[in-house]
Protein chains: 2
Amino acid sequence: MAVKLDEVDLILLRELQEDADRTNVDLARLVGLSPAGTLNRVRRLKESGVVRRITARLDPAKAGFPLQVYVSVTLARHEPRASKGFEDAVRAMPQIISADWVAGEIDVMLLVVARDVAELQQVLVRLSTRGAQRLTTLLRLEELKPASPLPVAPR
Amino acid sequence: MAVKLDEVDLILLRELQEDADRTNVDLARLVGLSPAGTLNRVRRLKESGVVRRITARLDPAKAGFPLQVYVSVTLARHEPRASKGFEDAVRAMPQIISADWVAGEIDVMLLVVARDVAELQQVLVRLSTRGAQRLTTLLRLEELKPASPLPVAPR
DNA sequence: GATGAAATAGCATTTGC
DNA sequence: GCAAATGCTATTTCATC
């Protein structure tokens, strides 16, 4: 599953995770390769899927979503059909920013954003009616450590 | 807190969250503005802090981190001094990809990556010795819904 | 098999409107 | 916000180690 990465790849990954808003020439200087070589490396990293995408990360509050909550979900039933219905509901709700199946005390962990309490409640209600048996809501108060790059450096 | 955003800003934010790996000219065509105008808009979005940064998002497993876990933490003590020590420990551990103070059943929600079980355990032990009273670990099994853009479109 | 250097086309960015 | 202009950059090609 893991892709083979040499030293230069690791530096590129580190830098691109930190700040992808740079010219290829800057990157080239950074890693000590020619622009052409750097371009090839980066293309390969994208094609191999190690780099999934380049995206803008927003400040949720400034973008109009002052409420951010972790929602942990226990499903009422675990048959594939029930799960499928729940999955569809999750994917259809734009306020759900990410969702993962997990192993542990609960079944699914969600990250939900909302413009106000009413919108949040709407999401929670819909989850309840689409297969969630128990919902636990954790209101995000403050960032302790911001979204950080994967520590791809050699150990 | 929220920044004033008009229709064009919202389109730009939507597109940049989806794929920031495009030329300014492409973006301009997309929103129907001149390249210069588009550049100004994007610059303003970055300066205002709505756009925090442009980053590469990696596939954790392909980047060498097959283990990803949510770790919920209850602190042993809640005095500022104890919290500070815990915060420092969290910020110092590169395997902790993000961390948020939350309100609810627990105090802090972490996202942790590791190359193997030993590395994960090392993180958990360190958290325990730095103020965590109770740790609950949720192993991420499978992505139900991938990291998605904030739904900034007008309602 | 990947890198570097050179060349071209296209882009980012500025200025004046 | 637009249009035009300039200086750089992305990207290709080809030679090279």
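Each chain gets a letter, A, B and so on, in the order the sequences are listed, and its residues count up from 1.
- For the contact set between residues 27-46 of chain B and DNA chain D, defined by any heavy atom under 4.0 Å, the members are L33(B), S34(B), A36(B), R41(B), R44(B).
- Within residues 47-55 of chain B, no residue has a heavy atom under 4.0 Å from DNA chain D.
- We find that R134(B) and E105(A) are joined by a salt bridge, their nearest charged nitrogen and carboxylate oxygen being less than 4.0 Å apart.
- For R44(B) and D9(B), the salt-bridge test fails: no basic side-chain N is under 4.0 Å from an acidic carboxylate O.
- More than 12 non-hydrogen atoms from other residues, nucleotides or ligands lie less than 6.0 angstrom from CZ of R53(B).
- The terminal axes of the helix from dG1(C)-dC17(D) to dC17(C)-dG1(D), fitted over 5 pairs per end, subtend an angle of 40° to the nearest 10°.
- For D107(A) (side chain) and L75(A) (main-chain N/O), a donor-acceptor pair under 3.5 Å exists by modelled atom type.
- For the segment residues 11-26 of chain B, residues with any heavy atom less than 4.0 angstrom from an atom of DNA chain C are, sorted by number, T23(B), N24(B), V25(B).
- Contact footprint of chain B on DNA chain C: nucleotides with an atom under 4.0 Å from a non-hydrogen protein atom, first to last in 5' to 3' order, dC11(C) to dT14(C).
- We find the CD-OG distance between Q121(A) and S128(A) to be 10.0 Å, quoted to the nearest 0.5 Å.
- Of the candidates V31(B), L10(B), L27(B), E15(B) forms a side chain to side chain contact (heavy atoms under 4.5 Å, CB included) with just one, namely L27(B).
- Counting non-hydrogen atoms of other residues, nucleotides and ligands closer than 6.0 Å to CD of E143(B) gives a total above 12.
- Residue pairs meeting the side-chain hydrogen bond (donor to acceptor under 3.5 Å, both in side chains) criterion with at least one partner in residues 80-89 of chain A, sequence neighbours excluded, are K84(A)-D88(A), E87(A)-R91(A), E87(A)-W101(A).
- A salt bridge does not link K145(A) to D100(B): none of the charged side-chain nitrogens sits closer than 4.0 Å to a carboxylate oxygen.
- In this structure, V71(A) and M109(A) have side chains that are not in contact, with every pair of non-hydrogen atoms separated by 4.5 Å or more.
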Could you please spell out the steps behind the salt bridge (Lys or Arg N to Asp or Glu O under 4.0 Å) verdict for D19(B) and R14(B)? CA-CA 9 Å; D19(B) 177 9; R14(B) 185 151 46 77; over 6 Å; no
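- With values rounded to the nearest 0.5 angstrom, L5(B) atom CG is found 12.0 Å from I11(B) atom CD1.
- Surrounding CZ of R22(B) are more than 12 heavy atoms belonging to other residues, nucleotides or ligands, all under 6.0 Å away.
- Of the possible polar contacts, none joining the Q95(A) side chain to the V123(A) backbone as a donor-acceptor pair under 3.5 Å is found.
- Inter-residue side-chain proximity for Q17(B) and T55(A) is flagged as unmet; no heavy-atom pair is nearer than 4.5 Å.
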